[in-house]
2 protein chains.
Amino acid sequence: MKGIRQLAEHLDISIGTVSRALNGKPDVNDETRRRVLAAAEELGYVANQSGRSLRQGMTNVIGLMLEVSRETIENSDDFFLGVTDGLQSVFSRHKLDLVMLPCPDDEDPHEYLKRMVARRLVDALILSATRRTDRRIELLEKARIPFVALGRSASGGSYTWMDLDFEGVAARGVDRLVAKGHRRIAVAAPSSDINLGYLFVDAYRQALQRHGIAFDPALVIRVKSSEQGGYQAGHELLMIEERPTAIILIHELMAIGLYRRLAEAGIVPGRDLAVVGFREEPRTHFLQPTLTSFRMSLRDLGAQLGETLLATMPAYADHYPQGARNRIWPLELVPGESDAFTLNQKNRA
Amino acid sequence: MKGIRQLAEHLDISIGTVSRALNGKPDVNDETRRRVLAAAEELGYVANQSGRSLRQGMTNVIGLMLEVSRETIENSDDFFLGVTDGLQSVFSRHKLDLVMLPCPDDEDPHEYLKRMVARRLVDALILSATRRTDRRIELLEKARIPFVALGRSASGGSYTWMDLDFEGVAARGVDRLVAKGHRRIAVAAPSSDINLGYLFVDAYRQALQRHGIAFDPALVIRVKSSEQGGYQAGHELLMIEERPTAIILIHELMAIGLYRRLAEAGIVPGRDLAVVGFREEPRTHFLQPTLTSFRMSLRDLGAQLGETLLATMPAYADHYPQGARNRIWPLELVPGESDAFTLNQKNRA
DNA sequence: CTGAAAGCGCTTACAG
DNA sequence: CTGAAAGCGCTTACAG
C-alpha cells in the first residue's frame with residue numbers, strides 16, 4: 001500500500017473522506033468509516049508522517065535528548081530506560097511516540113540540539129543532565145519549542161523543570177548521621193558543572209549549619225559521577241587528616257566503587273565508616289553491608305515528567321490542568337546497615 | 001527564521017536557488033552561494049525536515065529499535081550506548097542522524113515496528129535482540145525498508161545481519177576448560193527465545209563432542225539473561241548431583257549474580273569452580289577473583305554495523321563496496337583467575 | 001455526509 | 001547560472 005490516494009481509489013471515494021474517517025473526525029457516515037478502517041487495516045495503510053507533519057505543523061513525536069559520553073556509557077544505569085518507560089505510558093494515551101536522541105560525545109550538545117530543533121523532527125523535547133549554565137535552555141526558549149528540563153539550571157527564563165530532591169537527600173542524610181553522633185560528615189559531589197552538584201552541596205552546608213556544625217571545604221570531595229568516582233572518593237577520604245566518620249554520596253554507582261576502596265583499606269561500612277548512598281539501584285542491592293539509600297520510582301517520575309511536558313504543549317494542555325509547573329521529586333530513605341552504628345564518645349572528634 | 005521562502009525574500013533571490021546553494025549543488029554562482037550560506041547561518045535557517053522528506057522520499061534519519069522490558073531496565077549495561085557511539089561515528093559522515101526507538105514493554109514489538117515503518121520516520125532500521133523466530137524481519141523485508149539485524153534469526157529470507165561470535169565463545173571456553181582437566185562443564189543459557197541461546201548451546205555441544213565428552217542436558221542451565229539469572233544459575237548448579245567443575249556464562253552480568261550465590265555457599269571461583277564469563281563489562285572488572293571473559297570494542301562493532309547498514313541502502317552503497325554481507329564479530333579471550341586452576345585427578349569425576 | 005481544491009516547505013526537472 | 005512551476009502525501013476549510 002502506498003498512499004492515501006491508492007487507498008481512496010481502492011474504496012472508490014475521495015481522499016478527503018478517507019482522511020476524515022481515519023482521523024476519527026465526526027461527519028463521516030458510520031458505514032463509510034467502517035469500510036475505510038477495514039481497508040486500511042487489510043492493506044496495511046498508515047499515513048506518511050512527513051505528509052501529516054507538513055500539513056499539520058507537528059510530528060507527534062517527542063524527543064528525549066541524551067548525552068552519550070565515554071563516562072555515561074561505562075556507567076550506564078537504569079535511570080534513562082526507567083524514565084523512558086514512564087514517559088511512554090503517558091505519551092501513548094495521545095498517540096505520541098518517544099524517540100531518544102543520543103548526542104555523540106564529539107559533538108557540541110548545543111549544536112546537536114539546534115540541528116534537531118531546526119529539522120523539526122519532534123514537537124517537544126526533554127532535556128536532561130542540565131548544567132549550572134546551560135545554553136540549551138535559551139536555545140529552546142528562543143525557538144519556542146515546548147520542553148521540560150529534567151534538572152534545574154541557572155540559565156534561561158521561566159521554563160518548566162522537574163528535578164530530584166537533592167536538597168532533601170542532603171538534609172535527611174545529615175540529620176540522620178548527626179542523630180547517630182557524627183560531626184565530621186563528608187560528601188562526594190560531582191566535579192562537573194552539572195547543576196545538581198551546586199544544589200546538593202548548598203543543602204549539605206545548610207543542614208550542617210542547622211546542627212551548629214562548621215562547614216569544612218576539605219570534606220567536599222569532588223569526583224566523577226561514576227563507580228570510579230566513588231572509588232576515588234574513598235581514596236581521598238582516607239587521606240583526610242582527622243578522617244570523617246561518615247560520607248554521603250550523590251550518585252547511584254558511587255557506593256560500589258567506594259565499598260571497593262574501603263575494602264582494600266580494611267574499612268567496613270557501617271562499622272568503621274557510615275555511608276549514605278544516593279538512589280537505590282539494582283546494582284547496589286547486593287552490597288554488603290546493605291546500603292542506606294533513597295528510593296524512588298523511575299516509572300512514576302517518567303510519567304509525571306511526561307504529563308508536565310504535555311501541559312506545556314498547547315495541543316495537550318487541556319488534559320493536564322495542573323501540569324505545567326515545576327516539581328521536585330521526592331526520594332524515600334531506605335535504611336540499611338551501612339550507617340547503622342552510633343558513634344560513641346571515644347570515636348568522636 | 002521561518003522557511004526557505006523568507007530566506008529567499010531576505011536575499012531577494014528565488015527559493016530554488018537558495019535550495020541549490022544550501023544543498024551544495026553545482027551550477028550556483030560562488031558569490032550567490034556564499035551569500036546564501038551566510039544568511040542561513042545568521043538567521044539560523046535549517047530546512048524543515050518534513051518538507052525535505054516529503055519531496056525526497058527520505059528522512060536522513062536511521063532508527064535503532066530497542067525493546068525496553070523491566071528486565072532490560074534493571075540490567076542496563078553499556079552495550080547499546082556503546083554501539084550507538086560507533087553507529088554515529090559512521091552516520092555522521094553522511095549527515096545522517098540516529099534515533100533510538102524504545103518499544104515499550106506493554107506493546108507488541110511487531111506492531112510497534114509496523115507503526116514506525118508506516119510513519120516513515122526513518123530511512124533504515126537496526127534491529128536487535130533477534131529471536132529464533134522473529135516476525136520483525138519479514139515485516140521489514142516486505143516493507144522494503146533497508147535494515148540490518150544485530151543478531152541472527154531463523155526467520156526471513158536473505159537479509160543482512162551482524163552478530164557476536166557466540167560459537168567462538170562456546171568453543172574456546174570449552175577448549176580452555178578441557179585443557180585444564182574439566183569434563184563436567186555447565187553452561188548458563190538464556191531461557192527466552194532469543195536466538196543466541198540456540199547458537200551457543202549448539203556450539204557448546206559440538207565442542208564437547210570434539211573432545212569426546214558426552215552432552216548432558218542437565219548441565220544446560222536455563223536462566224534469565226541478567227544478574228539475577230546468574231544468581232539463579234549458581235543456585236541450580238549447586239543442586240546438580242555430581243556437580244560440574246566449571247561453568248560458561250552467556251551474558252555479561254550473569255557473573256556478578258553467580259559470584260554472589262557462590263559466595264553464599266562458600267565456593268570460591270577459580271579454586272572450587274572454574275568460571276568463564278561472557279563479555280567484559282565495567283561492572284565485571286572488579287570481581288574477585290578476576291573473571292576470565294571476552295573482550296570486544298562496542299564502538300568498533302557499532303561502526304561496522306553502521307557501515308553494513310549503509311551498504312544495504314542504495315543511496316550510500318557506493319561508499320561501502322564490501323559492506324552488505326553478514327558478519328560474525330570476534331571476541332578476544334582475556335584470561336582471569338576465575339578458571340586459573342588445573343583440576344587434579346582426585347577432583348575429576 | 002462527501003468531494004474538490006488549496007497548501008504545508010521543500011527539491012528538482014525544465015526553460016531560458 | 002537563475003527563476004518559475006510542479007509535486008511529494010497529507011489535512012482541512014469550503015461548497016454543495
Side-chain angles (χ1 to χ4, degrees), chain A residues 1-37 39-40 43-61 95 115 117-123 143 315, chain B residues 1-37 39-40 43-61 95 115-123 143 145 315:
Chain A
M1 171 54 46
K2 271 207 61 215
I4 196 171
R5 186 136 268 130
Q6 283 70 27
L7 182 58
E9 270 170 24
H10 175 85
L11 288 162
D12 203 26
I13 57 177
S14 75
I15 61 167
T17 300
V18 171
S19 174
R20 281 192 295 270
L22 251 22
N23 289 299
K25 302 284 174 188
D27 285 15
V28 176
N29 180 293
D30 279 350
E31 169 61 12
T32 307
R33 188 190 304 279
R34 208 193 46 67
R35 281 183 60 222
V36 171
L37 258 27
L43 301 174
Y45 170 79
V46 180
N48 176 312
Q49 187 62 37
S50 297
R52 300 195 72 185
S53 300
L54 192 55
R55 170 66 221 231
Q56 296 189 302
M58 47 174 43
T59 62
N60 297 311
V61 178
K95 300 202 172 198
R115 194 169 75 240
V117 165
R119 293 178 72 182
R120 314 239 147 220
L121 275 181
V122 298
D123 294 337
Chain B
M1 172 54 44
K2 270 205 65 215
I4 196 170
R5 186 137 268 131
Q6 283 70 26
L7 182 58
E9 272 169 23
H10 175 84
L11 288 162
D12 202 27
I13 56 177
S14 74
I15 60 167
T17 300
V18 171
S19 174
R20 281 192 295 269
L22 252 20
N23 289 298
K25 302 286 174 188
D27 286 15
V28 175
N29 181 292
D30 279 351
E31 169 62 12
T32 307
R33 189 191 304 280
R34 209 194 45 68
R35 283 183 59 223
V36 172
L37 257 27
L43 302 174
Y45 170 79
V46 180
N48 175 313
Q49 188 61 38
S50 297
R52 300 195 73 184
S53 300
L54 192 56
R55 172 64 223 233
Q56 298 190 299
M58 47 175 42
T59 62
N60 297 312
V61 177
K95 302 202 171 198
R115 194 169 76 240
M116 292 302 146
V117 166
R119 293 179 72 183
R120 313 239 148 219
L121 274 182
V122 297
D123 293 337
I145 296 268

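- Of the options B/Arg55, B/Gln56, B/Gln49, a side-chain hydrogen bond (donor to acceptor under 3.5 Å, both in side chains) to B/Ser53 is made by B/Gln49 and by none of the others.
- When all heavy atoms are compared, the tightest approach of A/Arg33 to A/Gly24 is NH1-CA, 3.4 Å.
- At whole-Å resolution of the value, CG in B/Asn60 and P in C/dT11 are 10 Å apart.
- Look at D/dC14: its Watson-Crick or wobble partner, with both distances under 3.5 angstrom, is C/dG3.
- Look at CZ on B/Arg120: it is 10 Å from P on D/dG9, rounded to the nearest Å.
- Atom CZ of B/Arg35 sits in a sparse spot, with 12 or fewer heavy atoms from other residues, nucleotides or ligands closer than 6.0 Å.
- When the P atom of C/dT2 is taken as reference, atom CG of A/Asp27 falls 9 Å away, rounded to whole Å.
- Using a 4.0 Å heavy-atom distance criterion, A/Ile15 is classed as a base contact.
- A donor-acceptor contact under 3.5 Å is formed by the side chain of B/Arg20 with the base of D/dG3.
- No contact: A/Ser50 has no heavy atom under 4.0 Å from any strand.
- Counting only heavy atoms from C-beta outward, the side chains of A/Leu37 and A/Leu22 approach each other to under 4.5 Å.
- Nucleotide C/dG3 holds its P atom 9 Å from the CG atom of A/Asp12, rounded to whole Å.
- As a whole-Å value, the separation of B/Leu7 CG from C/dG9 P is 14 Å.
- Comparing C/dC10, C/dT12, D/dT2 against the side chain of B/Ile4 picks out C/dC10 as the nearest.
- D/dG3 atom C1' lies 15 Å from atom CG of B/Leu11, rounded to whole Å.
- The side chain of B/Tyr45 contributes an N or O atom lying less than 4.0 Å from OP1 or OP2 of C/dC10.
- Among the nucleotides C/dT2, C/dT11, D/dG3, the one closest to the side chain of A/Thr17 is C/dT2.
- In this structure, A/Ile15 and A/Ile4 approach most closely via the heavy-atom pair O-CD1, 3.7 Å.
- Here the nucleotide nearest the side chain of B/Asn29, chosen from D/dT11, C/dC10, D/dC1, is D/dC1.
- The nucleotide whose nearest atom lies closest to any side-chain atom of A/Asn48 is, among C/dG3, D/dG9, C/dT2, D/dG9.
- With contacts defined as side-chain heavy-atom distances shorter than 4.5 Å, the pair B/Arg52/B/Asn23 qualifies.
- For the pair B/Arg52 and C/dT11, the criterion of a side-chain N or O lying under 4.0 Å from OP1 or OP2 is met.
- Going from atom CD of B/Gln56 over to atom P of D/dG7 covers 18 Å, rounded to whole Å.
- Closest contact between the side chain of A/Arg55 and the listed nucleotides D/dC8, D/dC1, D/dC10 involves D/dC10.
- B/Asn23 places its CG atom 9 Å from the C1' atom of C/dC10, with the value rounded to the nearest Å.
- For the pair A/Thr32 and C/dT2, the criterion of a side-chain N or O lying under 4.0 Å from OP1 or OP2 is met.
- Heavy atoms of B/Gly57 sit nowhere under 4.0 angstrom from any nucleic acid atom.
- Each of B/Val28 and A/Lys25 was assigned the nucleotide of DNA chain D with the nearest heavy atom; the assignment lying further toward the 5' end belongs to B/Val28.
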